[in-house]
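Everything on this sheet refers to the single structure shown next.
By convention in this document, chain letters (A, B, ...) are assigned in the order of the sequence lines, proteins followed by strands, and residues within each chain are numbered from 1.
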Amino acid sequence: MSASSLLDLFESGGGAEKKGTYVEVVLPLPLAKLYTYSVPFHLKEWLQKGVRVEVQLGRQGRYAGLVYSITEEKPAYQTRPIISVLDDFPVVTEEQFRLWEWMSTYYLCSMGELMAAALPAGLKLAGESKLLLAENYEAKPWMQLHQELPGDEALVIEQLQKKRELSLSDIQRMLKLKSVHKLVKSLLDKQLVQLKEELQERYKPKMEDWVALAPPYELNNPSSIKEAFDVIGSRAHKQIDTLMAFMQLGREQKEVRKKELYERAKIDSALLKKLVDKGIFSIYQKELSRLDDYDGEAEGNYALSEQQQQAYESCLQHFADKKAVLLHGVTGSGKTQVFVELMEHYIGQGQQVLYLLPEIALTAQIVGRLQKHFGDQILVYHSKFNNNERVEIWRAVQEGVPIILGARSALLLPFQSLGLILVDEEHDPSYKQQDPAPRYNARDTAVFMAHLHGANILLGSATPSLESYQNALEEKYALVQLDQRFGGLALPKIEIVDLGEQQREKRMHGIFSGHLLDALKETLANGEQAILFQNRRGYAPLYRCKSCGWTTECKDCDVSLTYHKYSNNLRCHYCGYQRSLPKSCDACGSHELEIIGFGTEKIEDELQIFLPDARLERMDWDTVRGKNGHDRLINRFADGQIDVLIGTQMVTKGLDFDNVGLVAVLSADQMLQFPDFRANERAFQLMTQVAGRAGRKKKQGRVLIQAYQAEHEILREVLQHNFQQFQQRELAERRSFKYPPFQRLIKIQFKHKKRDQLLMAAEWGAKFLQSRLGDRVLGPAEPSISRVRTYYLMDLLIKLGRGGKSLRAAKDKIRDMQELLRQKDGLSGLRVVIDVDPY
DNA sequence: AGCACGCCGACT
DNA sequence: GTCGGCGTGCTC
C-alpha cells in the first residue's frame, strides 16, 4: 500500500460528507492563501473564530493554526480534518484580524506572515513537541498511577518514568489515538508533565518567597495572635521578636516578603524555619514580574511647565476631534512628561495605552522612569524577551494591563480597550521592518490601528519625519509644539569644524581636528563627559592596495570588507563573512596594503593616544552584544565611570545624561553623501538628535561637527536648530523630484543567484508592469550594493500618486506579476521582495 | 517551517 | 558505477 493511500485512510474518517463544516485556517507560514480543513462533528461545538486548532500540514508537520472563518462550503480539493481545538477562548481578537487584513493588503504580505510575526512562539507550537515529566514530579509505582489517572494518562506517565521523553507522535502510536492533544493538555493541567520546547527556552519566572501567618492564626484576630505567642513560648526571645516584626510589617503592607522580614527582625533562614516548623508561619511563592523588580523610591509627579501644560491640553483638545497629533518638541523639552500626563488620563478612564519606542531607545533609563510613575501598571515588550515571557505578556494584554511599552512589534498584541497610542521618536527608521515580511511601518500602521480601535494617537519627535510633518501641514494631523527646553535650558551651541581648512593649517591630528582635541581636553578637565558619534563600526571600512587600488571584497556580497582591529580580520557587514588579512594584493602582488577611512574602533584606538588618562568606551553592535550589554554600558556612563563614549547611531537614541559637556560628530560627510533620497533627512535627524545629548539639566552643552563640506546647507540648518528651514527646503525638493511624502514608493527587488536569470526576470517584470502602469515604473536598476549573500539584486521602483485607487490597482498588478513569474519556467530560484513605503 | 523529490561531486 | 550534498517546490 502506498504512503498516500495510507494517509487517505487516516483522513477520511467521516465517509461521504455532504454538508460538513470547514474552517479557513491561518498558518504561521509565508503561504499565499488560507488553508481549509474539515471539522469532525465532535469538534464543531468548540469552534469559534480566533481559536487555535491543531492541524497536520504535509507529511508530518503539526501546527497550531488560527481559525479565520467557519463555512459550510466544501472546497474543490480534498481536505484534511482538524485534529483538535486548542483554546476555549480566542487568542486573537477581532481587531487583530482586521489589522492583519489591512496590513496584508497594504504591505502585500500574507496573513501567515502576520501570524508568525504577531504570535509569540509559545502560542505557535509547531512541529514535534517532546513531552517530559514535570520537574518536581516524583516517580510513582505503576499501581498508584493507574488508580489516580485515566488509563491512557497513566500509561504515558509510566512510559515517561522509563524513557524520560516522548514525542507526541510516539504517544499517538503507543495509544493508537487520533489526537493526543486533549491527553497532553490534561496532563499539563495536572502539572505532571511539561513540553520540551519550554524547557529549551530555559525561562523560569522569577519567584520570590513571601511569609504569611499559617492558619489558624490571623493578624487581625488578637486571641489567635496570643495563641501564637503561647506556642512560641516565653523563652524564645528571638522568635517572639520575629513575630512582632512580622506583625509590624503586616500592618504596613498587605503582604510580607521573606527578605524584608529577615531584615526587620534581623534573623536568618534557620530561625524562620523554626517558626514554620512550629506552624506559626507559612512560606509561599509569588511570581515576580521583571517590572515589580524595580524597587526605586516613589517619585511624586512633578509639575509640568507652563509650556508642557499647554501642550498637554491642546493634545486632549485635538483628541476630542479624533485627530492624530504630531508633537514636535525640541530635544530636552520634556516630551516624556507630557506623554506621562496623557497616559494617566487614559488609564484613568480604564483604557489601555500603547507606547511605542524604537527598540534601541527602550533602555533601562526610560523604562525605569516610567516605572516610577506607573509601577506594575506598565509592561515592557521587546525582542529580547523569550517565548514564555512573551506569552505572559500576550495574556496580560488580553486581560487588560493598562500600559504596554514596546518596540515595533508590540503593535501586534491583543489589545482589548485601546485608548491611546504614543509613537515616540516617530521619525526613527527602525519603525520600518526591513527583512522578513511583514515589511510594515509601525508608525503608519499605528495610525490605522488607532482608527480601528477608535483610539487617539500621538506621534512625538524632536525631528519629525517629513511624512508626518507634511501631514501636519495639510492638517491631517494636528501639530503641537514644544520649542523650549525644560527648565529654560538653552539648546546646545553647535560649531562646524571645517576639516579642509584644518588640514591646510596642519591642525589635524589623525582623524581629530585640533579644535576637537582641545574641546575634549577642556571638557574632561571640567569633570564633564563627552560623546563621539561616528556612524560606522569596525576599524576601517577599506583595506586597499597602495599601488593598484585593489580592495578586499566579500565573496558573497558586493561590498568591501571592513577591517576590525580587535579580531584582526576583515568582515562583511552585510552577511557576516570573515577572513584573515591578505598578506599581499590579490591583483598585483604588492605587499603594501593600507587602511582607508575610520570607524568607531579606530576612533577609540587613536583617541587613547591623545587622551592617555581618559576612560574611553565604545558603543556599537560589536560591544553591546548580549542581553544587557547596551544597558550596562549606558549605566556605567551615567554613573560617571566612562569619560568618553564613542558610538554609532546607538548613542543618538533615548539617552538622557546630566553631565555631557561635549558631543562631537567625527565625520558628517558620510551621512550627507549617502545615495538615498532620505540621506539629508536622516543626516539632519541624526545630528540634531546626537547634539541633543549635550548639556542637559545643568548648563548649555557644546557640539562640534567635523566636515569637509562645511558649507553644506544641512549643516547650517543643524547649526541653527532650524527645523523650519530644513523642512521647507527638503519638502520642496521632494515635491519636485516626486518623492515621498508627495508620492508613494513601492520597491520591488528581484534576487537570483545567477546574474543572467536575474536580469531576464527583472526585465520581464519591468515590461509587464510598465505596460500596465506606464512611466510610474522605474528601472530595473542595479542597487548600489548589487549582490548580497550570494544573490544578485535588481530594483524596480514604482512611484504612485497618493490616491487610494491607483495604489490598489498597482498592488493588484504587482501580485499578478508575482504569480506569473512563479509560473514562468527557466526562472526557478527567483525571489521577489516587495517593499511598500521602503526606507 | 519541514520534508520529499531531484540533479552534480568523492567514494567502495 | 553509487551515496548524498542541498537546492526547489509543496503542503488544505
Side-chain angles (χ1 to χ4, degrees), chain A residues 2-14 17 20-40 43 47 49 52-85 109-130 167-169 172 178-179 196-197 200-201 387 435-438 556 750-758 761 789-792 818-833:
Chain A
S2 74
S4 70
S5 57
L6 267 173
L7 274 173
D8 290 343
L9 269 182
F10 179 67
E11 282 155 20
S12 50
E17 308 129 274
T21 305
Y22 299 90
V23 278
E24 286 188 292
V25 168
V26 190
L27 292 163
L29 304 172
L31 302 168
K33 293 176 193 161
L34 302 179
Y35 280 15
T36 306
Y37 286 82
S38 59
V39 182
L43 292 177
L47 268 190
K49 187 173 179 181
R52 291 171 306 150
V53 288
E54 182 192 5
V55 296
Q56 177 127 17
L57 179 70
R59 198 148 249 296
Q60 77 131 49
R62 283 267 167 98
Y63 290 91
L66 264 183
V67 174
Y68 182 72
S69 72
I70 304 167
T71 80
E72 306 263 279
E73 225 163 290
K74 188 181 166 133
Y77 44 78
Q78 177 77 41
T79 54
R80 284 188 179 191
I82 61 173
I83 297 162
S84 65
V85 178
C109 62
S110 69
M111 290 293 272
E113 287 164 333
L114 283 158
M115 177 180 172
L119 287 208
L123 294 176
K124 280 184 280 194
L125 51 102
E128 287 274 292
S129 323
K130 291 272 194 331
S167 76
L168 297 188
S169 52
Q172 188 182 41
K178 267 196 179 170
S179 160
K196 193 181 179 178
E197 284 162 328
Q200 282 170 335
E201 294 310 323
N387 285 338
D435 211 15
D556 292 334
F750 296 84
K751 304 166 132 191
H752 201 290
K753 290 198 174 173
K754 294 182 187 135
R755 200 145 189 283
D756 312 346
Q757 302 247 46
L758 173 75
R789 290 171 191 267
T790 75
Y791 280 88
Y792 289 97
Q818 245 182 325
E819 196 45 48
L820 289 167
L821 276 171
R822 236 196 301 275
Q823 290 164 13
K824 235 168 136 56
D825 350 301
L827 278 184
S828 67
L830 176 73
R831 295 183 186 189
V832 180
V833 175

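Whole-Å rounding puts the A:K751 NZ to C:dG7 P distance at 15 Å.
A:Y77 contributes a side-chain N or O that forms a donor-acceptor pair with the base of C:dC12 under 3.5 Å.
Applying the ring-ring contact (aromatic ring centres under 6.0 Å, His included) test to A:Y68 and every residue at least two apart in sequence or in another chain returns A:F97. Partners of A:D756 under the salt bridge (Lys or Arg N to Asp or Glu O under 4.0 Å) rule, at least two apart in sequence or in another chain, do not exist in this structure.
Checking the phosphate oxygens (OP1, OP2) of B:dG2, a side-chain nitrogen or oxygen of A:Y63 falls inside 4.0 Å.
Results of the side-chain contact (heavy atoms from CB on, under 4.5 Å) test with A:T21 over A:V39, A:L43, A:T71, A:I82 single out A:V39 as the only residue that passes.
Proximity of A:K751 to A:V833: side-chain heavy atoms (C-beta onward) are separated by under 4.5 Å at one or more points.
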Which atoms of nucleotides 9-11 of chain C (N or O only) lie under 3.5 Å from a protein N or O atom, and what are those distances?
{"from": "C:dT11", "atom 1": "O3'", "to": "A:G58", "atom 2": "N", "distance (Å)": "3.1"}

Take A:Y37 and A:V23 through the side chain to side chain contact (heavy atoms under 4.5 Å, CB included) test and state the conclusion after the steps.
CA-CA 5 Å; A:Y37 286 82; A:V23 278; 4.2 Å; yes

